[in-house]
Every structure is written in structure tokens, then in C-alpha cells.
Asker: 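One structure follows; several queries about it will come next.
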Amino acid sequence: MEKRQELYAGKAKSVFRTDDPDKMVLVFRDDTSAFDGKKIEQLDRKGMVNNKFNAFIMTKLQEAGIPTHFEKLLSDTECLVKCLDMMPVECVVRNVAAGSLCRRLGVEEGTTLTPPTFELFLKNDELGDPMINESHVESFGWAKADDLAKAKELTYKVNHVLKELFAQGGMILVDYKLEFGLFKGEVVLGDEFSPDGCRLWDAETKEKLDKDRFRQGLGNVIESYEDIGRRIGIDFDA
Ligand code: TMP
Ligand code: ASP
């Protein structure tokens with residue numbers, strides 16, 4: 001496999017073409033962004049930590065029967081993935097109220113949500129990732145109704161697998177965001193799963209361990225990401 005020209009640079013990852021038209025290389029950078037790119041900082045070791053974290057989680061999800069774009073780790077900060085035709089939509093499941101849900105609905109942070117909520121957001125920084133519903137996705141052609149239904153089903157399946165995994169490490173999976181795309185007609189999980197795109201609290205103390213540490217200026221961001229990883233069995237020195 002040969003890494004070729006850069007296709008796209010996002011806020012935290014860059015994507016490169018390869019000599020195989022069906023595969024691309026994701027490069028996890030140290031850049032850390034919040035508030036739709038209004039706060040950006042470089043955090044030492046973040047690229048390596050999130051790359052290894054994502055590889056571990058994607059492998060667990062694949063083992064649980066959830067199709068993902070992840071193929072293999074290539075280096076500390078790079079992995080090989082399948083090229084997906086991405087839906088420009090973010091699928092968010094919440095087990096506990098936090099973040100924008102609390103602001104939007106005036107709900108107290110920490111309220112348990114039974115059953116978990118499912119929300120959709122349009123991926124568009126200029127518009128601030130507005131919340132949308134299933135009919136918008138269909139009417140604007142962002143995805144076909146049955147592909148969106150599959151993405152929703154897989155998003156809930158991920159909840160089942162990861163709630164249990166993090167619980168075993170003494171953590172609560174508060175919420176998370178997933179992105180899906182199509183590979184040869186099949187709905188496949190793309191992008192990444194890392195502490196950048198979910199909320200995790202210590203089950204006892206309710207301490208925030210995820211990117212809210214960066215958003216809220218709580219400090220020790222990467223140390224906390226590594227702590228999350230170690231609690232679920234990730235060896236960042238491997
Ligand atoms: P929110 O509370 O800001 O709506 O976010 C819900 C979850 O989704 C939280 O874990 C952060 C994640 N998320 C992203 O990773 N990127 C995004 O652009 C958005 C809107 C949410
Ligand atoms: N990932 C998004 C951004 O960079 C939203 C966030 O995490 O706050 O701005």
C-alpha cells in the first residue's frame with residue numbers, strides 16, 4: 001500500500017488517497033477543536049492516543065458484528081480505512097443528559113434518559129451543525145430512508161456494546177456521535193470513535209474524562225484520554 005496525495009484536511013484528521021481506490025489513510029493530528037472550530041489547540045500526543053483508541057474501539061465493534069471502515073493500524077498516528085461515500089449527518093445517542101441537550105431543553109445535567117435519545121445533526125460548521133430530523137435527511141437527499149434507518153439501528157447497537165465496555169472500566173457512556181457512509185451499497189461506520197466525540201464520566205465521582213475537559217478548560221486532557229484507554233485495556237506503548 002502506497003500513501004498518495006492529500007484528499008482532505010478536517011479539524012483533527014487528514015485523509016490521503018492510496019494506490020488502492022477503495023482504501024485511504026487517516027492521519028490523526030494533535031489539533032484539537034471545539035465549538036465548530038472556534039477553539040483550536042495542539043495537544044501533545046493526541047494524534048497517537050486517538051488513533052490507537054479508535055483502532056481498539058473499531059475492532060471491538062467489528063467483533064460485535066458492526067461493519068466499520070477500519071482496516072488496520074499503519075503507524076502511531078495513521079490507520080488504513082475503506083473509502084466510504086459519507087452521509088453528511090451526525091448520529092448522536094444520549095444515555096444521560098449533558099451538553100447541547102441541557103441548553104436546548106433546560107434539562108439538568110446528569111438526568112438519566114430512558115430510553116436513550118437519538119438525534120441527528122447536519123455536518124456544517126458554518127451553520128453550527130444544526131439539529132435536523134429524519135424527514136430533512138430524506139427530503140434533501142442526504143441519505144436514503146432505509147440507509148438512515150440502518151445507521152440508526154447500528155448507532156443503538158454501538159450503545160449496547162460500548163456502554164458495557166466502559167462500565168467494566170468504571171465509566172458511564174453519557175453520549176456519543178457517529179458518522180456513517182456507504183461502501184459498495186452497505187451502510188458502514190466511518191470517521192472515528194475517540195474521547196473527542198463522546199462523553200465519559202467516572203461512574204463513582206462523575207468526573208468528566210472526555211473532550212469536555214478541553215471545551216471547559218479543565219486541564220489534563222490527554223492524560224485523561226489515556227486513563228480512559230487504560231481502564232478498558234488499551235496499551236498506548238504497544
Ligand atoms: P452535544 O451535546 O454538543 O450535542 O454533543 C453530543 C455528543 O456528540 C458529544 O459526545 C459530542 C459529540 N459531538 C461531536 O463529537 N461533534 C459534533 O460536531 C457534535 C455536534 C457533537
Ligand atoms: N468537534 C466539533 C468542533 O470542532 C464540535 C465539538 O466537539 O465541540 O468544533
Side-chain angles (χ1 to χ4, degrees), residues 8-15 26 28-43 46-47 49-51 53-54 57-58 61 86-113 116-133 136-137 142 151-152 154-156 158-159 161-163 165-166 171-181 189-202 206-218 221-222 224-225 228-229:
Y8 172 77
K11 294 192 290 285
K13 298 189 292 302
S14 302
V15 180
L26 287 190
F28 287 73
R29 308 195 311 268
D30 287 344
D31 297 316
T32 312
S33 152
F35 312 117
D36 301 316
K38 289 183 197 78
K39 175 173 178 173
I40 297 183
E41 281 172 33
Q42 293 250 317
L43 298 179
K46 173 171 175 277
V49 168
N50 276 8
N51 183 40
F53 196 104
N54 176 63
I57 297 287
M58 290 281 173
L61 295 177
M86 295 302 291
M87 304 176 185
V89 165
E90 304 185 332
C91 298
V92 171
V93 160
R94 300 177 194 267
N95 295 304
V96 176
S100 73
L101 181 77
C102 296
R103 291 194 295 277
R104 215 178 322 120
L105 301 181
V107 183
E108 194 184 343
E109 183 178 82
T111 306
T112 301
L113 302 167
T117 61
F118 177 81
E119 298 168 343
L120 292 166
F121 297 87
L122 179 66
K123 252 184 99 70
N124 185 319
D125 279 342
E126 290 83 68
L127 298 178
D129 289 351
M131 192 174 180
I132 53 173
N133 69 28
H136 294 127
V137 175
W142 293 321
K152 182 175 178 178
L154 291 172
T155 302
Y156 277 120
V158 166
N159 199 32
V161 177
L162 295 189
K163 239 176 28 175
L165 176 73
F166 289 116
M171 291 170 281
I172 299 167
L173 179 60
V174 170
D175 60 29
Y176 57 92
K177 180 266 298 178
L178 301 179
E179 295 179 29
F180 292 87
L189 177 61
D191 191 49
E192 69 178 270
F193 191 102
S194 74
D196 270 4
C198 67
R199 288 192 173 93
L200 288 160
W201 295 349
D202 182 274
K206 307 289 190 289
E207 187 189 2
K208 295 177 165 108
L209 304 172
D210 53 80
K211 198 163 90 175
D212 271 348
R213 300 198 68 81
F214 175 71
R215 295 189 188 95
Q216 300 175 10
L218 301 176
V221 179
I222 299 310
S224 184
Y225 285 21
I228 298 169

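First listed ligand is number 1; within each ligand, the first listed atom is number 1.
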Asker: Strictly below 4.0 Å, N to O, side chains only: are Arg213 and Glu207 in salt-bridge contact?
Answerer: yes
Asker: Which of parallel (below 30°), tilted (30 to 60°) and perpendicular (above 60°) describes Tyr176 and Phe193?
Answerer: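 Tilted: the ring planes of Tyr176 and Phe193 meet at 30° to 60°.
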Asker: State which residues pass side-chain hydrogen bond (donor to acceptor under 3.5 Å, both in side chains) with Asn54; sequence neighbours excluded, sorted by chain then number.
Answerer: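 So Asn54 forms no side-chain hydrogen bond (donor to acceptor under 3.5 Å, both in side chains) with any residue.
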Asker: Below 4.0 angstrom from a heavy atom of Cys198, which ligand 1 atoms are there? Numbered from 1 as shown, please.
Answerer: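 Result: 10 (O).
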Asker: Any carboxylate oxygen within less than 4.0 angstrom of a Lys/Arg side-chain nitrogen, looking at Asp36 and Lys11?
Answerer: no
Asker: Among all residues two or more places apart in sequence or in another chain, which pass the side chain to side chain contact (heavy atoms under 4.5 Å, CB included) test with Ser100?
Answerer: Arg94, Arg103, Arg104, Phe121
Asker: Any heavy atom of Asp196 sitting closer than 4.0 Å to ligand 1?
Answerer: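 So Asp196 counts as touching ligand 1.
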Asker: Check each atom of ligand 1 against the heavy atoms of Glu90 and keep those under 4.0 Å away; list them by number with element.
Answerer: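 So the answer, numbered in order with elements, is 17 (C), 18 (O), 19 (C), 20 (C).
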Asker: So what's ligand 2 close to, N/O to N/O, under 3.5 Å?
Answerer:
residue, atom, partner, partner atom, Å
ligand 2, 1 (N), Lys211, NZ, 3.4
ligand 2, 4 (O), Ser33, O, 3.3
ligand 2, 4 (O), Ser33, OG, 2.2
ligand 2, 7 (O), Lys211, NZ, 2.9
ligand 2, 7 (O), Arg215, NH2, 2.8
ligand 2, 8 (O), Phe35, N, 3.2
ligand 2, 8 (O), Arg215, NE, 3.0
ligand 2, 9 (O), Ser33, OG, 3.2
ligand 2, 9 (O), Phe35, N, 3.4
ligand 2, 9 (O), Asp36, N, 2.5
ligand 2, 9 (O), Gly37, N, 2.9

Asker: Ligand 1 versus Arg94, non-hydrogen atoms closer than 4.0 Å: side chain, backbone, both, neither?
Answerer: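 Answer for Arg94: side chain.
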Asker: Do you see a donor-acceptor pair shorter than 3.5 Å between the side chains of Asn95 and Asn159?
Answerer: yes
Asker: What's the shortest distance from atom 13 (N) of ligand 1 to any protein heavy atom, and which residue and atom give it?
Answerer: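 In this structure, atom 13 (N) of ligand 1 has Lys177 CB, 3.7 Å as its nearest protein heavy atom.
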Asker: Without hydrogens or angle criteria, can the side chains of Asn124 and Asp129 be said to hold a donor-acceptor pair below 3.5 Å?
Answerer: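 Short answer, no.
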Asker: Taking all atoms of both residues into account, what is the closest heavy-atom pair of Thr155 and Cys91, and its distance?
Answerer: OG1-CB, 3.6 Å
Asker: Salt bridge or not for Asp31 and Lys46, using N-O below 4.0 Å?
Answerer: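 No, Asp31 and Lys46 are not salt-bridged.
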Asker: How far is atom 18 (O) of ligand 1 from its nearest protein heavy atom, and which residue and atom is that?
Answerer: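 Nearest protein contact, heavy atoms only, for atom 18 (O) of ligand 1 is Asp129 OD2, 2.8 Å.
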Asker: Check whether any heavy atom of Arg215 sits under 4.0 Å from an atom of ligand 1.
Answerer: yes
Asker: For ligand 1, which atoms sit closer than 4.0 Å to a heavy atom of Gly99?
Answerer: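 So the atoms of ligand 1 that pass are 2 (O).
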Asker: Assess the side chains of Tyr225 and Asp196: does a donor N or O sit below 3.5 Å from an acceptor N or O?
Answerer: yes
Asker: Apply side-chain hydrogen bond (donor to acceptor under 3.5 Å, both in side chains) to Asp30 and list each qualifying residue two or more places apart in sequence or on a separate chain.
Answerer: none
Asker: Regarding ligand 1, does Arg199 bring an N or O atom to under 3.5 Å of one of the ligand's N or O atoms?
Answerer: yes
Asker: List the closest protein heavy-atom neighbour of atom 10 (O) of ligand 1: residue, atom name, distance to the nearest 0.1 Å.
Answerer: Asp175 OD1, 2.6 Å
Asker: Give the residue, atom name and distance (to 0.1 Å) of the protein heavy atom nearest atom 1 (P) of ligand 1.
Answerer: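 Residue, atom and distance for the closest contact: Ser100 OG, 3.4 Å.
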